[in-house]
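First the structure, in the form of structure tokens, and then the observations on it.
Sequence positions, counted from 1, serve as the residue numbers for this chain.
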Amino acid sequence: MRSTTYRLGVLEGDGIGPEIVPSSVEIAAAAAQAAGVSVDWVPLPLGATAIDSHGTPVPDETREALTGLDGWYLGPHDSVSYPEPHKSALNPSGTLRKHFKLFANIRPAKSFPGAKAVCDSADLVTVRENTEGFYADRNTFAGTGEFMPTPDTAIMMGIVTRAATERVARVAFDLARSRRKKLTIVHKANVLKLTTGLFRTVCQEVAQDYPDVVVDDFHIDAMTVHLVRRAQDFDVIVTENMFGDILSDLAGEISGSLGTAPSINASATTAMAQASHGSAPDIAGQNIANPVAMILSGAMLFEWLAAKRGDEALAATAKLIEAGVADAIAAGISTRDLGGTASTTEFTAAVVKAVTAAGRH
């Protein structure tokens, strides 16, 4: 008799978040039940509705509650539409990543049979360093790392440290070792010689501890070309913050749609499931949003928890979620961005049906 109950936070966010997050939770709940996993879902305020109710997009009570949970689902945010001063402040995602030191952003891109992929055989993962690099809002103790000494001059700090690079490199190499044992370092060391040069060098040093993993490296500009031309040749990519954001979006679109691109943000002790795409306010409330990225982000969270807790039932939950999504899309049931006609709720129902049926066998 299982006695462990996992407590997972549910933060719906803005835009299509209140549609795709409940979809993801419904599917995960069905998969967890089929796998014999007990989950306590904990709804928490975040985003525009939290500004209305608490005066801030990330209330203190939300942060405090997350500290006591096993992980959480984070919906997309639409911080550009927030009133000031919230619009100019660090966005909810960045706030949580920074507060909980979620240093590794892991973003798979895998083609689905039946989806409109540029590359039908893409199966790669971008591991993005999440706390420094050339996103200035994440690499300072206070402030955003951007400043203007005059009205006509703007300056951004880009920071790369040995400790943060080594930490994320080991995550990437461990992942490569569990996959096809190939890792690509992406940098711009021919121009940004000190910063991304250090990133490349430290990753190459870490590679010495992984002699079974084949390692190569590319400049960021060349890498965009290689991804478009031969995405199927890549396994795990490790890079700094901004480069990783751009490459993972590109990889998601190549594999079918950014709507299918999941991710988790993880530290050594906790993880946050978050789709790679934004809040899509132009289609919010229309029941046409593609929930796949959020659904698969949830599967990644269960897989991450399975590895941390040594719980095979959690891994089984993740596999049921992934198989349910693949089965629905292969059967021709998908949202319009993948060439289908299903609504968000219709696609959700199809995946729940597939998960439930698989769980009986």
Quiz prompt | Minimum side-chain heavy-atom gap Val10-Val42 below 4.5 Å | solution = no

Quiz item: Should Arg128 and Val238 count as side-chain neighbours, where that means a heavy-atom distance under 4.5 Å?
Solution: no

Quiz item: Would you say Arg336 and Asn290 make side-chain contact, with heavy atoms under 4.5 Å?
Solution: no

Practice problem: State whether the number of non-hydrogen atoms from other residues, nucleotides or ligands found under 6.0 Å of Glu346 atom CD is greater than 12. | Solution: yes

Quiz item: Just one of Thr317, Leu8, Val37, Thr270 clears the side chain to side chain contact (heavy atoms under 4.5 Å, CB included) bar with Leu305, so which one?
Solution: Leu8

Practice problem: For the residue pair Glu12 and Pro22, establish whether any side-chain heavy-atom pair is separated by less than 4.5 Å. | Solution: yes

Exercise. Find out if a path of hydrophobic residues (ILVMFWY) with successive side-chain heavy-atom gaps under 4.5 Å connects Ile106 to Leu74.
Key: no

Quiz item: Closest heavy-atom contact between Ser267 and Lys101?
Solution: CB-O, 3.2 Å

Self-check item: Validation row: Leu198, Val202 side chains within 4.5 angstrom (heavy atoms)
Solution: yes

Quiz prompt | Aromatic ring proximity, centroids under 6.0 angstrom, Trp41 and Tyr6 | solution = no

Quiz item: Val21 and Leu11: which non-hydrogen atoms are nearest, and at how many Å?
Solution: CG2-O, 4.2 Å

Quiz prompt | Glu312, CD: over 12 other non-hydrogen atoms inside 6.0 angstrom | solution = no

Quiz item: For the hydrophobic clusters of this structure (ILVMFWY residues joined by side-chain heavy atoms under 4.5 Å, transitively), does one cluster hold both Phe103 and Leu66?
Solution: no

Quiz prompt | Charged N-O contact under 4.0 Å between Arg107 and Asp249 | solution = yes

Practice problem: Identify the heavy atoms of Phe302 and Ala28 that sit nearest to each other, and give their distance. | Solution: CE1-CB, 3.9 Å

Quiz prompt | Short N-O contact, Glu240 and Lys188, less than 4.0 angstrom | solution = no

Quiz prompt | Phe218 and His226 aromatic ring geometry - parallel, tilted or perpendicular at 30°/60° bounds | solution = tilted

Practice problem: State, with a plain yes or no, whether a side-chain heavy atom of Pro83 is found less than 4.5 Å away from one of Ile51. | Solution: yes

Exercise. Might you point out which heavy atoms bring Arg177 and Asp212 nearest each other, and give the distance in Å?
Key: NH2-OD1, 2.7 Å

Quiz item: Nearest heavy-atom pair of Thr95 and Arg63: which atoms, and what distance?
Solution: CG2-NH1, 3.7 Å

Quiz item: Which residue, Lys110, Lys181, Arg179, forms the salt bridge (Lys or Arg N to Asp or Glu O under 4.0 Å) with Asp235?
Solution: Arg179

Quiz item: Between Asn130 and Arg97, what is the shortest heavy-atom contact and its length?
Solution: OD1-NH1, 2.9 Å

Quiz item: Taking NZ, NE, NH1 and NH2 as the nitrogens, is one of them in Arg170 or Glu166 under 4.0 Å from a carboxylate oxygen of the other?
Solution: yes

Practice problem: Group every Ile, Leu, Val, Met, Phe, Trp and Tyr by side-chain heavy-atom contacts under 4.5 Å, then state whether Val214 and Phe173 land in the same group. | Solution: no

Quiz item: So do the side chains of Thr335 and Ile288 get within less than 4.5 Å of each other, counting heavy atoms only?
Solution: no

